**Q** 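I'd like to ask you about the structure that follows.
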Amino acid sequence: MKRSEQTAPAQGEQKKLTGKQRFRRVEPYIWIAPSVILMAVFILVPIFFVFRLSMSHVTKAGLIKDFAGFENFAKVLKTPAFGMILKNTLVWTVVVVVLSTVLGFMLALVLNNKFHGRKIARAIVVFPWATTLVIQASTWKFIIDTDFGTLNTLLLRLGIIKQAVNWTPTPEAYFGWEMACGIFVTIPFVTFCVLSGLQSIDASLYEAATVDGASYFQKLFHITLPLVRPSLTVSTVLNIIYVFNSFPIVWVITKGDPANRTDTLVTYLYKLAFYRGRQGEAAAVSVLGFLILLVCASVYMVYTLRKGDES
Amino acid sequence: MKKPLALLLALSMSLSLAACGGGGTTESKAPEESKAADPAPAQSQAAEPSGEKVTINVIAAQYGQNTNAWYDDFVKEFNDTYPDINLVLEVVSWADIYTVVNTRIANGNAPDVLNIDVFADYQADDLLVPIKEVVSDETYAKLYPAFLEESNVDGTIWAIPDLASARAMYYNKDILDAAGVTEIPTTWDELKAACEKIKAYDANIYPWGVDMTTDEGQACFAYYTWNNGGGFTDADGNWILNCDANVEAVEYAIDLVNSGLTNTDPANDNRYTLQDMFGAGQLAMMIGPNSIPTYVEANGYSVNYGFGAIPTNGGNPSVSAGVMDRFMCFKKDGRTDAEVEAIKTFFDFFYEDERYNEWVLMEGFLPATEAGGEALAAADPAQAPWVDIIGSCKFYPVAKAEWADVKQGVIDVEQQALLGGDVRELLDNLQAEIAG
């Protein structure tokens, strides 16, 4: 009896503790609930609608008729231009992401040094990022225009060229300029991601390496790169998704013309939906793009995080 | 642990961005619902709605900067004049109007009356009322019969024209004089000879403007094929995209480009770029709409120009390309006689000669009524030739359900031909795709 009296409060305490523990367990979910609900309403529901649209017969006036199975996908995949557009999209994504990451990384290294006017330099780097993409693209279009572009005007005034140069004689040239514009507007994001990583590296690591006689590149590859990898991973995955889905640059400069030569999946699906009234097929292109992105982003993240574990 | 975490993270990020980037087809659904329920920003409403009142919903296209203000006054005046009717009118920009209308249709909330350019897709979905059921005989009789025919499907007229524009060839008189072009070119041969003279006079001036862009490349196709005896359809309305006259016409246009007689980038230089170059004296001749004088003036250009018929080939009469917009009426379950009368009243009020003429002049277009044409010619003698042109021009076959595909298809053919593709082969493929 006595014994049980003694144990009773202990049991109650244990129960109390479990309740608290239980709450602790539930607590995080309560905190993230608003974002999950928001995501469900504003992201999952539209995604569901796109999937539904991609598997339906949709009239040109936008009425969803009946279930179409994979008919829309088959039509899209059979389009002769689709292979080229897919290739364009991959080239566009890889070139813009890789070059902007390399250049952004280099720029971050420069901006991490102490020099006069560093703050101003950092502010200038933000400008392209802070400006609307449509304005950026319009500006680039204006610069490279053969007839009234500023690049030709500048070179003519300086006497470097005698006659206006056609900077965009071929679709490939146009696509090259579009990628250049894409790289230009993506660099700041990479730079600032890397810069935040660089600033968190302890200076003593470099000092120790210097004492041990490490060269600049040894320090770069064995200290800097491994330590900024988390930042680079985030910026790269986000960039893959942003660049893949980027619409304004290509749309403003060429609208994917001539004859789909500069189209990416996103500009192509826009034309399908709003110029040809084929919303079902446009939704199918959207779903295909989503699946490609999902695979790419997953592979990249699993790969880099596993590498992080190994090291 | 990290692998599933990474997958989850990648999935959520892809999801969120796919929703932003790829969701063009659905994203407008939710926001537009609220717009439909409360069209306050662009709408004008004079009187308080009451139980006895009949409400009619109208969506009108925004033609220019003054459209909203004009309709504000219009709605106020209408609701004051007809206290039993509550006119709710929303002015929507061209950039948004298709999305707004399609979203409202998908949500079962179509307007009673819509002012837009196309109608065949809505008609094909059985969404429209034959227009004669909601337009009084008096108003119907005012409209050019040829215009009404453009909205004829299976013997029924589904829409009435609200206004139109037509195209002609504009030329820079100073450049033509300086280059020694004494006669305004009226045939293809004369046009090419004039272009060569202009090029010889000054290599920095583009002799001829060509627009084969996604925006309006179908107009280019029409200018050359119609003036060579070809076109989109034959007299029976069958597609004749790959007829010999069309092949010859497209090859002629491509030849002008390849001979260096045009602007350098026809796949990207749209009509506005050409108009700017024309205004700046960098382009000698181009085909453009009747609104070019307004454009040139509004942008501060001082160019000495004239306009004439579009050059033709093979003795065919010159054909101008017309563009026409429309009013149409959507079906509604349980529409009462009072509502039908209210819609008729709306059209009667809109097409009242004085009010309608004022509107057309304000928007800078050509009228779709005979009285409007006479008023325009009287008000501005310089516009008088246009009234004749508009009465005789051809229109795109927008009444046919395949039009959207044909339009983008001919643009694609032009752009492929610019890149060196074989015109006949391209047109054969397009014809096979469209006509089966």
Side-chain angles (χ1 to χ4, degrees), chain A residues 39 42-44 46-47 49-50 53 59-64 146-148 163-164 166 168-169 171 174 237-238 241-242 244-247 254-261 265-266 269-271 273-277 279 282-283 285-287 289-290 293-294 297-298 300-302 305-306 308-309, chain B residues 2-3 5-7 9-27 29-30 98-99 101-103 105-106 120-122 124-125 127 204 206 212-215 263-265 267-269 273 276-277 280 282 401 404-405 407-408 411-416 418-419 421:
Chain A
M39 270 180 72
F42 290 103
I43 298 170
L44 290 178
I47 292 271
F49 274 109
V50 172
L53 211 56
T59 70
K60 287 190 172 161
L63 292 179
I64 295 177
T146 312
D147 302 306
F148 44 82
Q163 218 181 354
N166 184 0
T168 50
Y174 260 121
V237 172
L238 284 177
I241 299 168
Y242 284 143
F244 189 96
N245 277 328
S246 175
F247 175 78
T254 59
K255 285 205 166 110
D257 290 339
N260 304 112
R261 292 290 178 95
L265 284 182
V266 180
L269 80 85
Y270 186 85
K271 281 197 274 195
F274 299 112
Y275 280 65
R276 305 189 76 151
Q279 300 195 27
V285 176
S286 186
V287 168
F290 165 70
L293 263 186
L294 186 65
S298 310
Y300 185 83
M301 287 201 73
V302 169
L305 287 179
R306 187 188 286 163
D309 275 352
Chain B
K2 278 198 171 172
K3 196 171 170 183
L5 180 76
L7 276 170
L9 220 64
L11 176 72
S12 66
M13 283 197 289
S14 311
L15 274 173
S16 62
L17 286 145
C20 307
T25 47
T26 54
E27 63 184 358
K29 283 213 161 81
Y98 306 101
T99 323
V101 172
N102 284 2
T103 309
I105 291 170
D121 297 341
Y122 306 128
D125 278 350
L127 295 170
N204 287 320
Y206 298 128
M212 293 178 171
T213 62
T214 289
D215 291 330
N263 44 312
T264 49
D265 197 359
N268 277 288
D269 293 335
T273 312
D276 282 327
M277 290 201 281
Q282 207 182 345
D405 287 329
K407 179 181 165 187
Q408 294 306 314
I411 294 170
D412 193 61
V413 165
E414 289 168 347
Q415 295 188 350
Q416 300 265 23
L418 282 173
L419 294 168

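Every heavy atom of this structure was used, including side-chain atoms; hydrogens, water molecules and symmetry mates were not. None of these values were measured; they are calculated from a predicted model. Proteins get letters first, then strands, A, B, ... in listed order; numbering begins at 1 in each.
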**Q** How close do Tyr275(A) and Ala404(B) get, heavy atom to heavy atom, and via which atoms?
**A**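 Heavy atoms only, the tightest pair is O-CB, 4.0 Å.
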**Q** Can a side-chain donor-acceptor contact be found between Asp125(B) and Thr59(A) if the only test is distance below 3.5 angstrom?
**A**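 Side-chain D/A pair, Thr59(A) to Asp125(B): present.
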**Q** Test of understanding: with salt bridge (Lys or Arg N to Asp or Glu O under 4.0 Å), list the residues that count as partners of Asp405(B), not counting sequence neighbours.
**A**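 Asp405(B) satisfies salt bridge (Lys or Arg N to Asp or Glu O under 4.0 Å) with Lys60(A), Arg276(A), Arg278(A) once adjacent residues are dropped.
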**Q** Could you tell me which non-hydrogen atom of Ala259(A) sits nearest to which non-hydrogen atom of Leu419(B), and how far apart they are?
**A**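 Scanning both residues, the minimum pair turns out to be CB-CD1, 4.3 Å.
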**Q** In terms of heavy-atom pairs under 4.5 Å, which option from Val285(A), Asp257(A), Thr168(A) contacts chain B the most?
**A**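 Ranked by contacts with chain B, first place is Asp257(A).
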**Q** Would you indicate whether the side-chain heavy atoms of Thr213(B) and Lys255(A) approach each other to under 4.5 Å?
**A**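 Result no, sub-4.5 Å side-chain heavy-atom pair not found.
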**Q** Of the backbone (N, CA, C, O) and the side chain (C-beta and beyond), which part of Phe148(A) lies under 4.5 Å from a heavy atom of chain B, both, or neither?
**A**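 Answer is side chain: those atoms of Phe148(A) sit under 4.5 Å from chain B.
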**Q** Determine the minimum heavy-atom distance between Ala61(A) and Leu127(B), stating which atoms define it.
**A**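 The pair with the smallest heavy-atom distance is CB-CD1, 4.2 Å.
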**Q** So which part of Asn204(B) gets closer than 4.5 Å to some heavy atom of chain A, the side chain, the backbone, both or neither?
**A**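 Looking at Asn204(B), just its side chain touches chain A.
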**Q** In terms of heavy-atom proximity below 4.5 Å to chain A, should Ile411(B) be classed as side chain, backbone, both, or neither?
**A**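 Interface part for Ile411(B): neither.
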**Q** Of all of Gln408(B), Met277(B), Lys407(B), Gln282(B), which one pairs up most often with chain A through heavy atoms under 4.5 Å apart?
**A**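 It is Gln408(B).
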**Q** Under a 4.5 Å heavy-atom cut-off, does chain A meet the side chain of Ala124(B), its backbone, both or neither?
**A**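 For Ala124(B), neither part sits under 4.5 Å from chain A.
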**Q** Select one option (side chain, backbone, both, neither) describing which atoms of Met212(B) are under 4.5 Å from chain A's heavy atoms.
**A**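 Neither; nothing under 4.5 Å.
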**Q** Let me confirm one number: the CG-CG distance from Asp412(B) to Asn260(A), rounded to the nearest 0.5 Å.
**A**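 The distance works out to 5.5 Å.
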**Q** Determine whether Thr146(A) and Asp265(B) make a side-chain contact, defined as any pair of heavy atoms from C-beta on separated by less than 4.5 Å.
**A**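 No, their side chains stay 4.5 Å or more apart.
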**Q** Select one option (side chain, backbone, both, neither) describing which atoms of Gln416(B) are under 4.5 Å from chain A's heavy atoms.
**A**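 Both backbone and side chain.
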**Q** Would you mind checking which part of Asp215(B) comes under 4.5 Å of any heavy atom in chain A, side chain (CB onward), backbone (N, CA, C, O), both or neither?
**A**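 Asp215(B) touches chain A through side-chain heavy atoms alone.
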**Q** Is it the backbone or the side chain of Asn166(A) that comes under 4.5 Å from a heavy atom of chain B, or both, or neither?
**A**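 Looking at Asn166(A), just its side chain touches chain B.
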**Q** Side chain, backbone, both or neither: which part of Pro171(A) has an atom under 4.5 Å from a heavy atom of chain B?
**A**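 Pro171(A) touches chain B through side-chain heavy atoms alone.
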